[in-house]
Amino acid sequence: MARLGALLLLVAAMAAALLSALPAARGFYLPGSYPHKYNPGDLLSVKVNSLTSIDTEMPFSYYSLPFCVPPEGVKDSAENLGELLMGDRIENSPYRFKMYTNDSDVFLCRSAPLAADAFALLKKRIDEMYQVNLILDNLPAIRYTKKDDYLLRWTGYPVGVRVGVDYYVFNHLQFTVLVHKYEDPNVARVMGAADATDVIPAGGKDGGAGSSSGWMVVGFEVVPCSIKHNQEDVKSHKMYDRYPSKIKCDPSTVSMSIKENEPIVYTYEVSFVESDIKWPSRWDAYLKMEGAKVHWFSILNSLMVIAFLAGIVFVILLRTVRRDLTKYEELDSEAQAQMNEELSGWKLVVSDVFRAPSNPMLLCVMVGDGVQILGMAVVTILFAALGFMSPASRGTLITGMLFFYLVLGILAGYVGVRVWKTIKCGDHSGWVGVSWRVACFFPGIAFLILTTLNFLLWGSQSTGAIPFSLFVVLLLLWFCISVPLTLVGGFLGAKAPHIEYPVRTNQIPREIPPQKYPSWLLVLGAGTLPFGTLFIELFFIMSSIWMGRVYYVFGFLFIVLLLLVIVCAEVSLVLTYMHLCVEDWKWWWKSFFSSGSVAIYIFLYSINYLVFDLKSLSGPVSATLYIGYSLFMVIAIMLATGTVGFISSFCFVHYLFSSVKAD
């Protein structure tokens, strides 16, 4: 679905990508993106992607509006699974250039007179701020605008603009293609070309059609203009003919107003400019983030605050636990018995601390799914950091995430069943049921949410809707790969030895004394500290998802991941210790939700972002899509962070009571 990839990116973006910040890794892209050499006069074809808007978050096909159609007809480009999930629909376009050949006043087409429905739809798309997205040599068209003393970068250009009650369409495009000379002598020898030429004229003549150097596209810029053309002058013109008069593109003025039953004349011009930008650095213009200094200072400030708090928590906890253990171990058996009668605290729940929790199967299922989500995040972003999933290779990030999630089903089944076997003190009966539930719990929730949202997109005829055939493919991947691998992991978990408890559990549970405050209130409040490590970076990530900005600074996310995992582990550990100290031995679920409750604050932040930052988001369908995707996101985050808290608490409790002498 249109934002499924972006939301999965938020879930997955908590992983080690520090390498992307290293100087040696700049502009380093491996698969799916390699230099393409063009000789002067070679044909360059522009492709079109779905129309997008930050006002509705629903993509639509480019040819759903009255634009010019290629003479050979509309053809879909090969798309991978990730592109389809992202809502991309890449198609051919009538815009064609010849390498290093400047061309101006090119007539493209004269549309049919705008019928009432086409006229209304075009006005609606202009009101909804839809953008046209063009692609040349895998580079999106970029547009520059000035605001005060700042130069702003945008990908694509608006369909049109509204001035008062009139609507104007951008019907003339001024393209600038930045090219860099291809100078790899080794590749030139392999190609068997002749000596390189020093100068290639702008007209593409007399110059090096067989040059060994050639040219590479390193930039693609567009300036949209609204120009009132004379419709009668082009009645007999064919596509790519010269427009009868000179066209002057002035982006500061608009003149082509649209009217019902009147056609639109489309034209374009293109110029080639030699650039110093090298091919590996051609994506730098897209990957630069505004306010980088503020971004760095915000992250560093968060780092220092959280590291300071986490250090204090760790020191207090270490000293308290060690003091209690030392004091307890120095006593003989009679003194320990007397101490147990006189003192309260975690020592008194030694015979109940490993009592099976309520709904143990659900806990095992959620821990298994959390391990799978967290593992998918780590592996995916590690590959992305190494350049295997760059933005130049559209859809590979989502495809890779889906692949790793499916494969890591074996780890989810193993962890879920082994926790189940440990809770059952070595009895592995029921492991098949646990494995099945692990394989179906989170994917089932995701399928329910995304299917509901997909019906909304289908009803809106958006390209973000997953086609029925792709639904079938996803179901086959789920039941033919993920489920069997999860069952294999469950089988391995059933065969693996369970973790033995260091103390015995009494048959009769100990009564938990009345608490001064509700324990679940403390659990829910514990999520504020992990959220404190995340909320600053969360703004940049949310802007990337919903405002159409490229986010590729995974080094920041690596730092956030480390902080998040450490703080989730420590917060859960501290709350578990606090509950044990007040003789509350029901720590299993509380350890999970004490760190998993960060998802509640992320969801509240998402609502805040919707109200105050996405003010332009219009319509109940768009708001429903936003809330639905946010809900899917926070459920995945809850499972991943809750698993970190549970595993850390289990290890802590096991270590703590393995040091206690108890009969």
Side-chain angles (χ1 to χ4, degrees), residues 5-6 9 20 25-39 42-52 59 62 70 74-100 131-144 153-157 173 175-182 184 187 214-222 270 272-275 277-288 383-384 386-400 463 544 548-552:
L9 176 61
S20 64
R26 295 189 60 187
F28 180 64
Y29 308 123
L30 293 179
S33 180
Y34 51 87
H36 193 151
K37 189 195 80 165
Y38 297 94
N39 291 318
D42 285 354
L43 184 65
L44 298 176
S45 297
V46 177
K47 297 181 180 180
V48 293
N49 204 342
S50 300
L51 303 172
T52 56
Y62 173 82
V74 178
K75 297 179 181 178
D76 292 333
S77 296
E79 296 167 336
N80 56 43
L81 186 61
E83 286 179 303
L84 293 173
L85 291 174
M86 288 285 289
D88 290 341
R89 297 295 184 272
I90 301 176
E91 300 163 313
N92 60 333
S93 82
Y95 295 104
R96 295 173 185 173
F97 318 141
K98 290 183 179 180
M99 172 55 76
Y100 225 127
Q131 301 276 322
V132 178
N133 300 292
L134 305 177
I135 302 170
L136 176 65
D137 194 43
N138 208 31
L139 278 180
I142 195 168
R143 174 172 57 97
Y144 292 95
R153 295 182 296 272
W154 309 86
T155 53
Y157 67 92
L173 300 180
F175 295 106
T176 302
V177 181
L178 305 181
V179 294
H180 187 79
K181 189 176 293 184
Y182 193 97
D184 191 336
V187 176
W215 298 88
M216 299 173 296
V217 176
V218 295
F220 184 37
E221 301 173 4
V222 61
V270 59
F272 288 80
V273 177
E274 187 172 354
S275 172
I277 299 174
K278 296 185 182 298
W279 188 89
S281 302
R282 67 178 192 157
W283 275 88
D284 287 357
Y286 304 87
L287 303 182
K288 288 179 181 177
F383 273 87
L386 296 173
F388 286 92
M389 299 176 184
S390 76
S393 305
R394 287 180 182 82
T396 55
L397 182 65
I398 307 305
T399 305
T463 59
S544 171
R549 301 171 186 170
V550 178
Y551 186 90
Y552 202 64

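In this text, all values refer to a predicted model and were calculated from it rather than measured experimentally. Basis for what follows: all heavy atoms, side chains included, without hydrogens, waters or symmetry-related copies.
The side-chain heavy atoms of K37 and K181, taken from C-beta on, include no pair separated by under 4.5 Å. For the pair N133 and L51, the minimum side-chain heavy-atom distance is 4.5 Å or more. When side chains are defined from C-beta on, L173 counts as touching L134, because their heavy atoms get closer than 4.5 Å. At a threshold of 4.5 Å between non-hydrogen side-chain atoms, the residues V217 and H36 do not count as touching. You'll find the side chain of L44 stays beyond 4.5 Å of the side chain of D42, heavy atoms only.
W215 pairs in a ring-ring contact (aromatic ring centres under 6.0 Å, His included) with only one of the listed residues (Y100, F272, F97, Y38), which is Y100.
A donor-acceptor contact shorter than 3.5 Å is absent between the side chain of H180 and the backbone of M216. Proximity of a side-chain donor or acceptor of R89 to a complementary backbone N or O of S50 within less than 3.5 Å is not detected. Checked by atom type and distance alone, the side chain of T155 never pairs as donor or acceptor with a backbone atom of I142 at under 3.5 Å.
For P94 against P70, the heavy-atom pair with the smallest separation is N-CG, 3.8 Å. Smallest separation of non-hydrogen atoms from S275 and V218: CB-CG2, 4.1 Å. Nearest heavy-atom pair across G214 and N39 is CA-OD1, 4.0 Å.
If you take CZ on R143 and CH2 on W154, they are separated by 7.0 Å, rounding to the nearest 0.5 Å. Atom CG of residue N49 and atom OG of residue S77 lie 9.0 Å apart, to the nearest 0.5 angstrom.
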Exercise. Walk me through it: do L139 and W283 pass the test side-chain contact (heavy atoms from CB on, under 4.5 Å)?
Key: CA-CA 8 Å; L139 278 180; W283 275 88; 3.8 Å; yes
Quiz item: Which is it for I135 and I90 under the side-chain contact (heavy atoms from CB on, under 4.5 Å) test, yes or no, and what are the steps along the way?
Solution: CA-CA 9 Å; I135 302 170; I90 301 176; 4.1 Å; yes
Quiz prompt | side-chain contact (heavy atoms from CB on, under 4.5 Å) between V177 and V270, intermediate numbers included | solution = CA-CA 7 Å; V177 181; V270 59; 4.0 Å; yes
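Relative ring orientation between F175 and Y95 is described as perpendicular, the plane-to-plane angle rising above 60° on a 0-90° scale split at 30° and 60°.
Using a cut-off of 4.0 Å between Lys/Arg side-chain N and Asp/Glu carboxylate O, K47 and D76 are scored as not salt-bridged.
For S45 and N92, the side-chain atoms include no donor-acceptor pair closer than 3.5 Å.
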